Amino acid sequence: MISEHVDVLVIGAGPAGAVAASILQQKGIKLKVIEREHFPRFVIGESLIPRCMDHFDEAGFIDGVEAKGFEKKYGARFLRGDDVCWFDFSQKFSAGWDWTWQLPRAEFDQTLMDILQRRGVAISFGTTVENIVFQGTDSLTTVYDEGGNRSEIHAKFIIDCSGYGRVLPRLLNLDKPSSFQPMAATFVHVEDVRRPQDREGTLITFDVLDQKVWFWVIPFSDGRSSLGLVCPVEHLDAIDQGNPTKTFQHIIRQSEFYSHRFDGLTFLFEPKKIVSYAKAVEKMYGDGFAVAGNSAEFLDPVFSSGVCFATESGAIAAKLAARQVMGETIDWHKAYEEHMAWGVNVFRSYIRDWYSGDLQKFFFHKEVNEDVRRKVCSVLAGYVWDKENPFVKKHDRAVRAVTHLLP
Ligand SMILES: Cc1cc2nc3c(=O)[nH]c(=O)nc-3n(C[C@H](O)[C@H](O)[C@H](O)COP(=O)(O)OP(=O)(O)OC[C@H]3O[C@@H](n4cnc5c(N)ncnc54)[C@H](O)[C@@H]3O)c2cc1C
């Protein structure tokens, strides 16, 4: 059996793994990336938020991604019947990026991997982790390729970025139930041939169909758009029309604003469905490993925080792992777990307040205080570690305190 030695093994080549791998390489760490699929491969998570750009910048990805001409995202629109709420990322409280991208993840993730491969990062596609045995902080990982050939990787540290593969949470029984009600999502891509040829045609929109039911529209620069519905599991069961395509056609007709644009268009694949997608772990690190991105935690798609959490955790885990393999002692609890938990908890509060209706009341109120709007906009842009922002610092009660004063 082939056996190799690396300092850090990265499992999974999504955004968390890509950012982690790039930062490790910049620091001169010997690393390897193991990825189960061949790219391009479909994955959901197409609307980014500006905070991700800090991580892509640090990882040296901006120019390579920019060259692909993905659609730029300058804000987000929320609709509810005739009510419209627009957040412009240039009008936010915190300093930081005021734009990002909305893009098909298959092409985006492939772009990041192409950049890394050009820089000489070792990536094995079509290779799946079978088992990992830890001895102190050292580990021995067994992987197999599509031909069933097994090989071994000895590593001083593992960063698990395996998304819903959840390699280490499964292996080490780290899974923890999410605190949120089980939700479901169904989504598809269309050739957006009736797209308006002005700014309207490019806008990312969250169309609120009911307090806990919303429809997304994410236009891509190549003329396709991503459409999706998020709702409680029982709601999706209740509107089931017998097959995924008919159910999605039914969903499109529920959107007053979008039905004329999308009704009758051919779906580019059969609508996909994910149920009970919220995930959590008991802990994000242990002797010789850290868990990053979706493998650690995923809350809800409503504020597009998933990729940002993936890249923030991938970046920090990589920097800490590099220091550890070079001989430093790291306080993983403080430097990693507490930092990530803070950001997750800020989003958790906003997502709770969204589905309770409080945040929707604020978004769609006609005379919202501009200063408050800028502070909430910072949260939506992903600047959830800026504790100068009272809407970050007091995330647990800030929104409710404001909405309870609204008529
Ligand atoms: C309905 C829905 C909508 C969403 N919309 C958004 C959005 O608009 N914006 C946003 O930011 N986020 C969104 N998300 C979240 C987003 O999909 C994830 O947060 C993001 O993809 C996580 O990135 P990652 O790098 O952690 O994992 P992934 O991107 O999932 O990558 C993990 C990789 O690991 C590989 N892998 C898995 N198991 C193994 C194994 N055993 N061995 C080797 N490799 C393995 C997989 O093949 C995969 O390529 C959404 C999620 C859902 C459910």
Side-chain angles (χ1 to χ4, degrees), residues 9-21 32-52 55 73 76 100-106 108-110 112-113 123-132 141-145 153 158-171 178 183-188 204-206 214-218 226-231 236 271-279 291-315 317 344 347 380 382:
L9 173 66
V10 176
I11 305 172
V19 167
K32 185 171 182 83
V33 180
I34 292 295
E35 166 57 51
R36 187 171 57 187
E37 307 287 330
H38 286 277
F39 281 18
R41 55 89 179 85
F42 179 88
V43 64
I44 199 64
E46 300 148 332
S47 155
L48 308 185
I49 53 177
R51 172 68 183 152
C52 298
H55 310 128
K73 171 183 169 186
T100 182
W101 286 290
Q102 54 204 56
L103 35 70
R105 283 285 304 281
F108 175 63
D109 291 17
Q110 164 101 65
L112 302 187
M113 286 303 116
I123 306 167
S124 289
F125 291 99
T127 305
T128 303
V129 171
E130 182 174 53
N131 195 26
I132 304 173
T141 300
T142 315
V143 300
Y144 60 91
D145 65 19
I153 304 161
I158 295 178
I159 305 180
D160 176 10
C161 304
S162 61
Y164 282 123
R166 302 179 68 70
V167 171
L168 282 176
R170 284 181 211 270
L171 223 86
S178 165
M183 299 288 279
T186 175
F187 38 89
V188 75
I204 281 212
T205 303
F206 301 79
W214 56 275
F215 178 68
W216 82 62
V217 176
I218 305 176
S226 168
L227 313 180
L229 183 87
V230 176
C231 59
L236 195 54
K272 297 175 191 290
K273 174 175 160 181
I274 302 187
V275 172
S276 298
Y277 46 66
K279 300 288 173 210
V291 188
N294 259 35
S295 184
E297 177 110 31
F298 179 64
L299 296 169
D300 190 274
V302 68
F303 299 127
S304 307
S305 58
V307 171
C308 178
F309 176 77
T311 52
E312 178 94 19
S313 54
V344 168
F347 272 115
L380 301 187

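For reference, positions follow the sequence shown, starting with 1. Quick caveat, the model's predicted, so the values are computed rather than measured. In listed order, ligands and their atoms are each counted from 1.
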**Asked** Are any of the heavy atoms in R41 under 4.0 Å away from ligand 1?
**Response** yes

**A310, any N or O under 3.5 Å of ligand 1 N or O** = no

**Nearest-option assignment for atom 16 (C) of ligand 1, heavy atoms, candidates I49, V19, I44** = I44

**Item:** Nearest option to atom 50 (C) of ligand 1, as decided by whichever heavy atom of Y164, F298, F206 sits closest
**Value:** F298

**Complete:** At under 4.0 Å between heavy atoms, what of C161 touches ligand 1? The answer is backbone

**Item:** Contact check, side chains of V43 and E37, non-hydrogen atoms, under 4.5 Å
**Value:** no

**Fill in**
Logged contact type for V307 with ligand 1, heavy-atom cut-off 4.0 Å, is both

**Message:** Below 30° counts as parallel, above 60° as perpendicular, anything between as tilted: where do the rings of W101 and F108 land?
**Reply:** tilted

**Message:** Checking contacts here: is it the side chain or the backbone of P15 that comes within 4.0 Å of ligand 1, counting heavy atoms only? Could be both or neither.
**Reply:** both

**Asked** Mind checking whether P40 and D109 have side chains closer than 4.5 Å, heavy atoms only?
**Response** no

**Asked** Short N/O distance, under 3.5 Å, between D109 and ligand 1?
**Response** no

**Item:** Region of F309 that comes within reach of ligand 1 [heavy atoms, distance under 4.0 Å]
**Value:** neither

**Asked** If we only count N/O pairs under 3.5 Å, is T128 in contact with ligand 1?
**Response** no

**Item:** For ligand 1, the portion of R105 having any non-hydrogen atom under 4.0 Å away
**Value:** side chain

**Asked** Taking distance alone, with no angle check, do V167 and ligand 1 share an N/O pair under 3.5 Å?
**Response** no

**Message:** Strictly distance-based, threshold 3.5 Å: is any side-chain N or O of R166 a donor or acceptor partner for the main-chain N or O of N294?
**Reply:** yes

**Request:** Please confirm whether V129 comes under 4.0 Å of ligand 1, counting heavy atoms of the residue only.
**Result:** yes

**Request:** Taking the six-membered ring for Trp and the single ring otherwise, decide whether the centroids of F298 and Y277 are under 6.0 Å apart.
**Result:** yes

**Message:** Taking the side chain as everything from C-beta on, heavy atoms only, tell me whether K279 gets closer than 4.5 Å to P169.
**Reply:** no

**Item:** T127 heavy atom under 4.0 Å from ligand 1
**Value:** yes

